[in-house]
Structure formats: C-alpha cells, structure tokens
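Shown next, in structure tokens, is the structure this report addresses.
Treat the numbers as computed from the prediction; the structure is a model and nothing was measured. Throughout, residue positions are numbered sequentially from 1 according to the sequence presented. In listed order, ligands and their atoms are each counted from 1.
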Amino acid sequence: MKKTRWYDYLWIWSILYFALGFFNIFFAWLGMIDFLVPIIIAIVGGNKWFCNNLCGRGQLFNLIGKKLKCSRNKPAPKWIASKWFRYGFLVFFLTMFGNMIFQTWLVGSGASSLKEAVKLFWTFRVPWSWAYSAGKVPDWVAQFSFGFYSLMLTSALIGLIVMALYKPRTWCTFCPMGTMTQSICKIRNKDTESAI
Ligand code: SF4
C-alpha cells in the first residue's frame, strides 16, 4: 500500500485558500506561493516535482473527480492537449496576468480607483467588498489582491468544469503553470545535456 505523505493533503490548502479569500481578500497574496514554488523547483531542480507532489489543486481535482465521482471521466478532445492550445492559453493567461499588474499600477499611481470586486472569467464583475476593510493598506495592495484572487478563482472554475466534463485532471493538460514549468525544464535540461 502506498505510504501517505504530509503533502498528499495539500488539497486542503486549495480549499482553504479560497475560503480565506472569501472572508479577507488579502489572503489572495498567499497564492503567490503556488506561482513561485513550481517555477523555483523547475529552475533549480529541472523537474516537475511540484506538479507531481505538491500541487493542491491537482490533488483536489483528483479527489472531487475520481474519489467523489464528480467527473464523467471521458477523454478530453485532442485539441485541448495540442501544443497550439497549451501555449496559446499560456500566452493568454500571462497577458491577463500582465493586465492585472497594470491595473494594480494604475491604482497605485492614482490614475484609477480601487475596484472592490472579483472578476470571473475575465468578464463578470462580482462585488466582493465584504472581504475588504478600506484604509488598512495602500489601495494597490488591495487591488492586486482582488485581481489575483480573480485569476485564481477563474482558473479553478475552468479546472472544475473540464474536470466534470472530461477526466479529473484535464486542467493539468493546459494549466499555464504546468506548461510554463515544462518549458523551463526542457530548456534547463537541454542546457545541462549540452554542458556535459
Ligand atoms: S499542471 Fe497545474 S494544476 Fe496540474 S499539477 Fe501542475 S501546477 Fe497543478
């Protein structure tokens, strides 16, 4: 029987993250851990150890889809795993991330005002003011929180939709973090090979 390790329970962290952001939007900043750790591991270790062991989101999709049987468990259409779609989605995602940083900068520079809302699917603005107490931190810090939480929630919802429609971890086939770390590993391992 497979030995259970502490990091097999990181799916709890995934749930906790969204729950905390529901009550206090500043917890959104903690999502940076899930952004930076996989990149650091890919750069330093040249592998996807994060995806294979530490990703609470991947574990959560497995749990809901496989164990709780909330997935149709059908193969996803081939185009979802195609290179053009994976890299296209990565470019789109990074553009949206850049736009979020730009909005944060606009608020920080006073050119725009803070929007106490979460934007779902980059389109639907959902008021979220209960999770924010004005004046405690600079507005740009709050703007980043709302923007980053929007990004995290939107990607989780997309992941849940494809989990329900196809296999539990279909999101992983085009997850921007997965595509990005895979590219880093490829470049890094090529460099290592050519240095030998
Ligand atoms: S591909 Fe994305 S969601 Fe899947 S395990 Fe890796 S980081 Fe997590």
Notebook entry, point to check: Do side-chain atoms of Asp8 reach the backbone of Arg5 as a donor and acceptor pair under 3.5 angstrom?
Noted result: yes

*Side chains of Ser145 and Trp29, donor plus acceptor under 3.5 Å*: yes

Count of protein N, O or S atoms below 2.8 Å from atom 6 (Fe) of ligand 1 equals 1

Path from Leu165 to Ile158 over hydrophobic side-chain contacts below 4.5 Å = yes

If you measure only the distance, is there a donor-acceptor pair under 3.5 Å linking the side chains of Asp139 and Gln143? no

_Residues Lys115 and Ser112: side-chain donor-acceptor under 3.5 angstrom_ = yes

When Ile39, Asp34, Thr181 are each screened for side chain to side chain contact (heavy atoms under 4.5 Å, CB included) with Phe50, the one that passes is Asp34

Parallel, tilted or perpendicular: ring planes of Phe93 versus Phe89, cut at 30 and 60 degrees = tilted

Here the atoms of ligand 1 under 4.0 Å from any heavy atom belonging to Trp171 are 3 (S)

The protein heavy atom nearest to atom 5 (S) of ligand 1 is Arg169 NH2, 3.1 Å

